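Heads up: the structure comes next, in structure tokens.
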Amino acid sequence: KRLFVQALMCSAVVALAPVGASAQGAIKLKVASNYPANSLFSRVQQYMLDDITKRTNGRVTFETYYGGLLLKAADVFPGVSRGAADIGFSVPAAFNPREYPLTGVTLPFLTENVQAASLAFRDWYNTTEAVQKEYQRNNVRFLLALPSAENVLWSQKKVTTAADLKGMRIRMLLGPSDALTALGATPVTVPYTDAIDLLSRGGVDAISATPFEQGVKDGLAEMVNYLSPAGRIGVYAAVITAINLDKWNALPHDVQDAFIKSADDAVNYYVTAQGKEADEAVEVLLKAKRVQVVPMDPAEEKAWRDKTHDIVFKKYYDQVARSGANGPELVQSYIALLRKQEQLHPYKTGIDRYLARKK
């Protein structure tokens with residue numbers, strides 16, 4: 001009888017063990033973003049999340065809240081810090097500059113190459129203690145940077161020189177705002193969707209701080225007279241994905257490895273998808289009846305860089321100095337990584353693709 005009871009108990013333990021182990025090993029994480037689910041940034045993030053689930057054989061799953069359903073733009077990173085969400089992606093350099101001053105290193109005129117900027121930021125984080133401490137102070141761990149594609153200027157007035165900017169009311173933010181304001185433009189700080197409405201009613205003369213393909217997709221080619229590369233301001237912001245640091249530290253090492261590998265793969269996915277969108281935008285632009293693309297003389301582009309360099313860089317240096325960091329050293333280390341990645345990953349801007357097709 002004793003042997004029979006022991007056999008039953010052993011059978012029960014064996015039967016329950018897989019269920020218990022599975023339940024104990026399951027990890028479900030809550031993800032928050034202010035971007036709509038159909039945006040390119042969200043599609044890349046979803047690719048990364050799906051890839052993590054695959055790499056962990058379904059052990060890690062995600063509950064996603066896009067479009068600000070869980071947390072609005074300015075609340076995404078603070079929310080991840082306090083655990084209102086486990087993972088978030090937004091632009092802390094724009095919405096939380098006080099908490100993330102170093103993250104604003106994607107300054108105007110540094111690069112137009114989105115892949116180089118993404119990989120350089122990753123390497124910069126991994127090799128720069130001050131940057132790591134910035135995220136640790138906010139109780140998050142960096143995972144992925146998705147830089148916006150190069151900045152352009154959609155305008156009613158033809159812009160080929162800095163003098164053309166004098167008095168123009170331009171929707172702009174972040175680095176482009178600092179640079180264009182220094183060149184004489186009047187900044188109008190409103191959300192992008194509001195700017196489109198203002199443009200249609202004459203409330204602004206131009207829209208900046210908008211990636212090339214995004215503007216084409218939103219119909220700006222049929223709303224304005226001119227499209228300019230804006231002195232090749234280039235990449236001006238990065239959508240950052242981060243995970244709550246306490247949650248990250250609690251993850252098994254193999255799961256952490258899966259996150260890192262999936263984040264790296266997501267960069268390649270982003271570059272392919274962004275390039276496809278740029279090419280599709282070129283096709284639309286070639287058929288546009290209203291807008292005229294106006295390239296700028298290289299000497300004028302250099303003049304824009306030279307005239308704005310000290311103003312833009314000093315603002316960043318002063319910003320990071322408040323956290324005790326060395327701005328010039330941070331920028332130089334980031335630029336060195338950029339140049340290395342640019343050599344490995346050539347890139348052609350949307351306007352350059354258009355001009356090549358137009359010939």
Side-chain angles (χ1 to χ4, degrees), residues 35-36 38-44 47 106 108-119 146-160 164 170-172 175-176 180 192-193 195-196 199-200 205-239 266-298 300-301 304 341-342 344-359:
Y35 287 92
N38 62 351
S39 75
L40 176 57
F41 292 129
S42 296
R43 298 201 314 269
V44 176
Y47 172 87
T106 49
F109 304 111
L110 291 187
T111 187
E112 295 178 294
N113 188 320
V114 291
Q115 187 172 15
S118 178
L119 295 173
L146 296 179
S148 61
E150 69 277 1
N151 178 69
V152 294
L153 181 67
W154 300 89
S155 63
Q156 304 297 15
K157 175 185 175 182
K158 190 174 184 179
V159 176
T160 56
D164 297 325
I170 303 177
R171 181 271 175 177
M172 47 188 174
L180 296 176
Y192 173 58
T193 52
I196 294 176
L199 184 69
S200 67
D205 303 308
I207 291 179
S208 185
T210 300
F212 165 78
E213 63 272 14
Q214 185 66 51
V216 175
K217 185 186 299 183
D218 293 334
L220 295 184
E222 299 298 344
M223 295 178 63
V224 303
N225 299 319
Y226 300 100
L227 170 60
S228 165
R232 295 187 180 272
I233 285 176
V235 170
Y236 61 93
V239 179
V267 176
N268 296 326
Y269 179 88
Y270 174 55
V271 170
T272 300
Q274 187 272 329
K276 181 180 178 182
E277 288 204 352
D279 288 336
E280 291 172 349
V282 167
E283 294 297 327
V284 173
L285 203 58
L286 287 168
K287 300 173 185 176
K289 297 178 180 179
R290 178 170 176 175
V291 73
Q292 178 184 346
V293 178
V294 284
M296 293 180 64
D297 184 88
E300 182 64 20
E301 293 171 351
W304 284 36
Q341 294 294 347
E342 285 173 337
L344 297 173
H345 307 284
Y347 176 79
K348 181 180 287 189
T349 70
I351 287 182
D352 287 339
R353 296 180 196 210
Y354 168 84
L355 294 173
R357 290 285 307 278
K358 191 72 174 176
K359 290 180 179 178

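Bear in mind the structure is a predicted one, so any value in this text is a computation, not a measurement. Both backbone and side-chain heavy atoms feed into the values below; hydrogens, waters and symmetry mates do not.
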Which label fits Y35 and F41: parallel for a plane angle under 30°, tilted from 30 to 60°, or perpendicular past 60°? perpendicular
Please check: side-chain N/O of Q292 versus main-chain N/O of Y226, any donor-acceptor pairing under 3.5 Å? no
Is it true that a side-chain atom of S42 and a backbone atom of N38 form a donor plus acceptor pair closer than 3.5 Å? no
Find out whether [X] and [Y] are in side-chain contact, i.e. whether some heavy atom of one side chain is under 4.5 Å from a heavy atom of the other.
X    : Y    : value
D352 : R232 : yes
R171 : T210 : yes
L344 : L119 : no
T349 : F212 : no
I233 : F109 : yes
I196 : M223 : yes
L355 : P295 : yes

Any chance the side chains of Y347 and E150 put a donor and an acceptor closer than 3.5 Å? yes
Under 3.5 Å, is there a donor-acceptor pair linking the side chains of S208 and N151? yes
Nearest heavy-atom neighbours spanning [X] and [Y]:
X    : Y    : result
L153 : A206 : CD1-CB, 3.8 Å
V224 : Q156 : CA-OE1, 3.2 Å
A356 : K348 : CB-NZ, 4.3 Å
V282 : R353 : CG2-CB, 3.8 Å
T160 : M296 : O-CE, 3.5 Å
L110 : E342 : O-OE2, 4.1 Å

Candidate pair V114 and V235, rule side-chain contact (heavy atoms from CB on, under 4.5 Å), full reasoning: CA-CA 7 Å; V114 291; V235 170; 4.2 Å; yes
Ion pair present between D279 and R357, side-chain N to carboxylate O less than 4.0 angstrom? no
Should K157 and D164 count as an ion pair when the cut-off is N to O under 4.0 Å? no
Roughly how far apart are Q115 CD and Q341 CD, rounded to 0.5 Å? 7.5 Å
Could you measure the distance from the NE2 atom of H345 to the OG atom of S118? Nearest 0.5 Å is fine. 9.5 Å
Could you check V44 against V239 for side-chain contact (heavy atoms from CB on, under 4.5 Å), going step by step and ending with a plain yes or no? CA-CA 11 Å; V44 176; V239 179; over 6 Å; no
Verdict with supporting geometry, I170 and W154, side-chain contact (heavy atoms from CB on, under 4.5 Å): CA-CA 9 Å; I170 303 177; W154 300 89; over 6 Å; no
Would you sort out whether R290 and N225 count as a side-chain contact (heavy atoms from CB on, under 4.5 Å), showing the intermediate values? CA-CA 6 Å; R290 178 170 176 175; N225 299 319; 3.1 Å; yes
